[in-house]
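Structure record follows, encoded as structure tokens.
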Protein chains: 2
Amino acid sequence: MQTISAYQDTARTSPMLSGRVQMAGGLDLPGFVMDFARNEEVFGEEEPADFVYQVVSGAVRSTRILSDGRRQVGAFYLPGDVFGLELGETHRFCAEAVANSKVALIRRTAIDRLAERDSAAARQFWALTSQDLQRLQDHMVLLGRKSALERVATFLVKMAERAPSRDGVDLPMSRTDIADYLGLTIETVSRTFSQLERDQVIALPSSRHVVLRDRRGLAELDA
Amino acid sequence: MQTISAYQDTARTSPMLSGRVQMAGGLDLPGFVMDFARNEEVFGEEEPADFVYQVVSGAVRSTRILSDGRRQVGAFYLPGDVFGLELGETHRFCAEAVANSKVALIRRTAIDRLAERDSAAARQFWALTSQDLQRLQDHMVLLGRKSALERVATFLVKMAERAPSRDGVDLPMSRTDIADYLGLTIETVSRTFSQLERDQVIALPSSRHVVLRDRRGLAELDA
DNA sequence: CGTTGCATTGAAATCCCTCAAGCGAGGTGG
DNA sequence: CCACCTCGCTTGAGGGATTTCAATGCAACG
């Protein structure tokens, strides 16, 4: 999909474009687009939340790190998804590019001003937060109560809905990202993929491309 | 704390009082109070979300059930906490009284009308959703990456902050509720409590009352 | 063609779960 | 008032799912 080099991990971001950003609900806001290299930080935890972000291309992950280095990925954001919208002054998680990505930035002041005078727009912003909440509620059940097999199956079903390719899913993220998202280890994720392949539920032409051979069977595993 | 009888589990709710309900952020809304018996449902998943709720006394849990009966408790709501605020038409989780409780009900129509014309109020409602999201983000890390000991320690620290009693915490919920909240089994929760008691970190004068003997040690376990 | 980073696989260990029994407080009924 | 029941909680023993540790495979890149 994308060529990857060591240089890109440290490439500087650069403003790309100034103009309007179209968001869900017919919102149209002034913004600009920036490039982020794979693994580059879009914003850090505790940083001032001066912007709201929308993925244009590529993918972004939100992460939380525990003091001893354990990591939890909270969500993957795909093209069209909005992230980093906060009510408070600071971001409450870290956002990093999963692959080389283009991200639109919208100033918080523009958001706040619009929400102030347009109650329909305010409702749209509230809806964005509410969507995140809903997604997290589902994810909480997965983390609290599902087996490794169910977690991976759920992940594949959801990804196939969100980012369908011709005959399956193209995963922009590494096994480590998936593991940290599903509350598993990289080895367990890999073994589970292999098991699903042995059981003819999926095919793995390459590690990042999954062909769903038995969607029925996969859906049954997705408790 | 509260006397419990089999009758109370099936007691009907009854309107108690009509008047104003004070919410966070200086919001004042028309509402009324109802009694809920222990384990009584406040609202069910998929039910129309015609009301927003605030705990007056007692405690409420939000739950999600998987098809095979596995349960995940999403949150415990204590006096003052608002729950059940939705943007969509229906509730996305079930809410039940953990103990005999009084709950204030506010009509959604009143909320919507206020949010429509008062942008400061709209921001307050958004803030409530945002708070829930923040709490869930923390909980997600717990479910995805923490050990049983860390989960219980975190739970006790948080409960002690939210519902302090003279020398510790009064837990309104059962071991089963705690287990389903922490993504563990009731036995593991019980064993972990016992271990913390053996290690002189807590004392358990009764199963529902926890004395925090070593808050420092507890905080260290709370990764 | 060696290096590097990511992914897969195997073997052993561990943490937590499952199954099962026992305990204690509170309520009921004889 | 005491025996008995129920329900929630605790404790033990054994097992299993996932992690940990370690080695190998593989593709991209220089």
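Every chain is numbered from 1 and lettered A, B, ... according to where its sequence line falls, protein lines coming before strand lines.
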Can you find a donor-acceptor N/O pair under 3.5 angstrom joining the side chain of [X] to the base of [N]?
X: A:R175; N: C:dG5; value: no
X: A:R198; N: C:dT8; value: no
X: B:R145; N: D:dT18; value: no
X: B:R208; N: D:dG8; value: no

task: Answer yes or no on whether A:R175 is positioned over the face of A:F193, meaning its NZ or CZ is under 6.0 Å from the six-membered ring centre and within 45° of the axis.
output: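 Yes, A:R175 sits over the ring of A:F193.
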Go through [options] for me and flag the one nearest to the [X] side chain.
X: B:L184; options: C:dT8, C:dC17, D:dT10; value: C:dC17
X: A:T188; options: D:dT18, D:dG8, D:dT11; value: D:dT18
X: B:S190; options: D:dT10, D:dT18, C:dT9; value: D:dT10

message: Does this structure show an ion pair linking B:D222 with B:K158, if we count only N-O contacts that are shorter than 4.0 Å?
response: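 No salt bridge links B:D222 with B:K158.
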- prompt: Are A:D68 and A:R70 within salt-bridge range, i.e. N to O under 4.0 Å?
  reply: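 Answer for the salt bridge query: yes.
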Verify the distance criterion only: is there a donor paired with an acceptor across the side chains of [X] and [Y] at less than 3.5 Å?
X: A:R61; Y: A:S174; result: no
X: A:Q134; Y: B:R92; result: yes
X: A:D50; Y: A:H91; result: no

Whichever of A:M173 and A:R191 has its nearest DNA chain C nucleotide further upstream toward 5':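 Here A:M173 is the residue nearer the 5' end.
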- prompt: Which is true for B:S174 with a 4.0 Å heavy-atom rule: it touches a base, it touches only sugar-phosphate, or it touches nothing?
  reply: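 The answer is sugar-phosphate, as B:S174 gets under 4.0 Å only of primed atoms, P, OP1 or OP2.
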message: Does B:S147 reach a base, just sugar-phosphate, or nothing at all? Heavy atoms under 4.0 Å.
response: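 Touches sugar-phosphate only.
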Does [X] make a side-chain N or O approach to OP1 or OP2 of [N] shorter than 4.0 Å?
X: B:S207; N: D:dG8; result: no
X: A:T176; N: C:dC6; result: no
X: A:T185; N: D:dT20; result: no

Starting from [atom2] on [N], measure out to [atom1] on [X] and report it in whole angstrom.
X: B:L182; N: C:dC15; atom1: CG; atom2: C1'; answer: 16 Å
X: B:F193; N: D:dC9; atom1: CZ; atom2: P; answer: 10 Å
X: A:K146; N: C:dC17; atom1: NZ; atom2: P; answer: 18 Å
X: B:L204; N: D:dC9; atom1: CG; atom2: P; answer: 12 Å
X: B:I186; N: D:dC7; atom1: CD1; atom2: P; answer: 14 Å
X: A:N100; N: D:dA28; atom1: CG; atom2: P; answer: 16 Å
X: A:E187; N: C:dT9; atom1: CD; atom2: P; answer: 12 Å
X: A:N39; N: C:dT4; atom1: CG; atom2: P; answer: 18 Å

